[in-house]
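Basis for what follows: all heavy atoms, side chains included, without hydrogens, waters or symmetry-related copies.
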Amino acid sequence: MIDTATLQKLGLRSGEPVRFRKGDSGRWFAGKMSGVALDGSITVFDANGNARSLKPERVEVRRPGGRGRLTWQTVSDVAITWEQLQLW
């Protein structure tokens with residue numbers, strides 16, 4: 001089961017463009033964010049429409065960096081930052 005409500009709690013959006021790697025190295029593949037599975041993996045649809053469940057450390061989204069420029073950041077880093085902002 002895919003939970004899109006959890007995405008919103010983590011500061012992510014369903015359908016958001018992402019990039020991911022199949023392994024620790026290699027080229028990046030484009031995809032779209034879909035949701036969070038029960039095991040904590042991120043469900044992504046690749047360019048061909050195939051669903052993939054990946055560890056949050058392997059998926060990156062675009063977020064403003066220190067100077068406001070969009071940079072690629074791992075989902076695990078974005079989720080931690082978003083949770084800390086909610087405390088304030």
Chemist: For Thr74 and Pro56, work out which heavy atoms get closest and say how close.
Modeler: CB-O, 4.3 Å
Chemist: Would you mind telling me which of Arg62, Arg63, Lys32 makes a salt bridge (charged side-chain N to carboxylate O under 4.0 Å, His left out) with Glu16?
Modeler: Arg63
Chemist: Could you point out which residue of Val78, Leu70, Ile42 forms a side chain to side chain contact (heavy atoms under 4.5 Å, CB included) with Val61?
Modeler: Val78
Chemist: As an exercise, state the distance from NZ of Lys22 to CG of Leu54, rounded to the nearest 0.5 Å.
Modeler: 10.5 Å
Chemist: Would a distance-only check, ignoring hydrogens and angles, find a side-chain to backbone donor-acceptor pair under 3.5 Å from Asp39 to Ser41?
Modeler: yes
Chemist: From the options Glu57, Glu60, Met33, select the one residue that forms a side chain to side chain contact (heavy atoms under 4.5 Å, CB included) with Val75.
Modeler: Met33
Chemist: Could you go through Phe29 and Arg21, starting from their C-alpha distance and side-chain angles, then the distance that decides it, and tell me whether this counts as side-chain contact (heavy atoms from CB on, under 4.5 Å)?
Modeler: CA-CA 6 Å; Phe29 295 93; Arg21 286 183 179 175; 5.9 Å; no
Chemist: Locate the shortest heavy-atom distance separating Ala30 from Phe20; write the atom from each residue and the value.
Modeler: O-CE2, 3.7 Å
Chemist: Checking side-chain contact (heavy atoms from CB on, under 4.5 Å) for the pair Val44/Val59: CA distance, chi angles, key distance, verdict?
Modeler: CA-CA 9 Å; Val44 173; Val59 181; 4.2 Å; yes
